[in-house]
Amino acid sequence: MTQGGWEHVYSGKVRELYRHPDLPGRMLVVATDRVSAYDHVLEPGIPGKGALLTRLSSWWFRQLAAHPNHLTDDGAELVPADLTDRSMLVRELDMFPVECVVRGYLSGSGWKEYQATQTVCGIPLPAGLNDGDRLPEPIYTPAYKAPQGEHDENITFERTVELVGPDAAEALRSASLEIFARASAVAETRGVILADTKFEFGTDRETGELTLADEVLTSDSSRYWDADLYATGERTASFDKQIVRNWLSANWTGEGVPPTLPHEIVEQTAARYAELIERLGA
Ligand code: PZK
């Protein structure tokens with residue numbers, strides 16, 4: 001997109017970042033319909049995914065208005081009309097190189113690490129927990145944002161202190177835990193469990209304020225479960241791309257190019273994203 005003077009600055013797996021010469025200090029985050037799993041972008045995309053996830057993220061930013069975030073309307077008239085439903089105009093921040101992961105439940109890489117060491121990112125946990133169990137309290141498990149192409153690396157809180165200094169490290173942890181507590185309470189009233197999520201923060205160059213950035217609480221950055229199904233013991237029916245992951249792990253060795261997603265998987269995934277939005281009322 002060089003449309004209307006927007007200049008492409010960066011491609012993520014599923015999103016694109018643009019700047020505009022007439023909007024200094026602003027960026028446009030554009031969500032595509034691409035889907036990624038196990039570090040690969042898959043074919044085909046999920047029709048409408050970019051718009052659904054943008055809607056979810058914008059809704060959460062509004063729910064979380066007690067915390068400063070990077071959204072702005074300043075320059076909105078320059079956003080191409082065909083991108084308004086899958087883009088967010090944001091203030092450019094000085095980003096912290098830390099992914100602020102919060103986990104309320106034991107799942108994924110957290111479950112793997114727990115089985116090996118009874119810890120998650122160096123945090124000791126009680127014995128006897130099972131995959132999908134709720135943790136005694138949500139834990140903050142930061143990761144270092146590796147340069148593009150490399151894997152993010154789980155780090156201890158002490159390592160975060162070395163990376164960003166003690167004050168910022170503490171501020172990132174407490175903001176992450178506060179936002180997670182608020183978001184899980186909101187989700188719970190709608191029959192949805194927020195199992196874990198990842199936040200990113202930056203510093204506002206003008207105010208110096210710690211500011212919530214990136215996408216928030218989307219199905220790409222979070223694990224969401226159906227509370228009723230969870231109560232029955234079913235812990236795999238998530239509102240994220242678990243459908244894609246499950247299909248891929250049953251149909252691909254992990255070597256070479258991943259297979260094309262079948263139509264049903266694409267449709268089911270799109271339907272789950274839409275259902276999450278409906279449940280939350282976003
Ligand atoms: C920023 N990303 C990740 C997001 C991509 C890559 N407000 C901000 N200020 C400065 N930098 C960023 C943000 C935000 N958000 C975010 N990289 C830089 C990213 C979307 C698409 F390609």
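In each ligand, atom 1 is the first atom listed, and ligand 1 is the first ligand listed. Any value given below was found using the heavy atoms of this structure, including those in side chains, with hydrogens, waters and symmetry copies removed.
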Shortest protein heavy-atom distance from [atom], along with the residue and atom involved:
atom: atom 21 (C) of ligand 1; value: Arg15 CB, 3.5 Å
atom: atom 2 (N) of ligand 1; value: Leu17 CD2, 4.0 Å
atom: atom 13 (C) of ligand 1; value: Met95 SD, 3.8 Å
atom: atom 9 (N) of ligand 1; value: Leu93 N, 2.8 Å
atom: atom 22 (F) of ligand 1; value: Tyr10 CD2, 2.8 Å

Under 3.5 Å, is there a donor-acceptor pair linking the side chains of His8 and Glu16? yes
[X]-ligand 1 polar pair, N/O distance under 3.5 Å:
X: Ala213; value: no
X: Arg91; value: yes
X: His70; value: yes
X: Asp214; value: yes

Please identify which atoms of ligand 1 are closer than 4.0 Å to at least one heavy atom of [X].
X: Val90; result: 7 (N)
X: Val29; result: 20 (C)
X: Met27; result: 9 (N), 10 (C), 11 (N)

Should the heavy atoms of other residues, nucleotides or ligands under 6.0 Å from [atom1] of [X] be counted, would the total exceed 12?
X: Asp73; atom1: CG; result: no
X: Arg134; atom1: CZ; result: no
X: Arg15; atom1: CZ; result: yes

Quick one: do Met95 and Val161 end up in the same hydrophobic cluster if we chain Ile, Leu, Val, Met, Phe, Trp and Tyr together by side-chain heavy atoms under 4.5 Å apart? no
Between Tyr114 and Pro126, which heavy-atom pair has the shortest distance, and what is it? OH-O, 2.6 Å
Quick check on Ser11 - does any of its heavy atoms sit under 4.0 Å from an atom of ligand 1? yes
Given the options Leu78, Val90, Leu89, Leu28 meets side chain to side chain contact (heavy atoms under 4.5 Å, CB included) only with Leu89
Can the ring centres of His40 and Trp252 be said to be less than 6.0 Å apart? yes
Using a 6.0 Å distance limit plus a 45 degree cone around the ring axis, check whether Arg173 lies over the aromatic ring of Phe157. yes
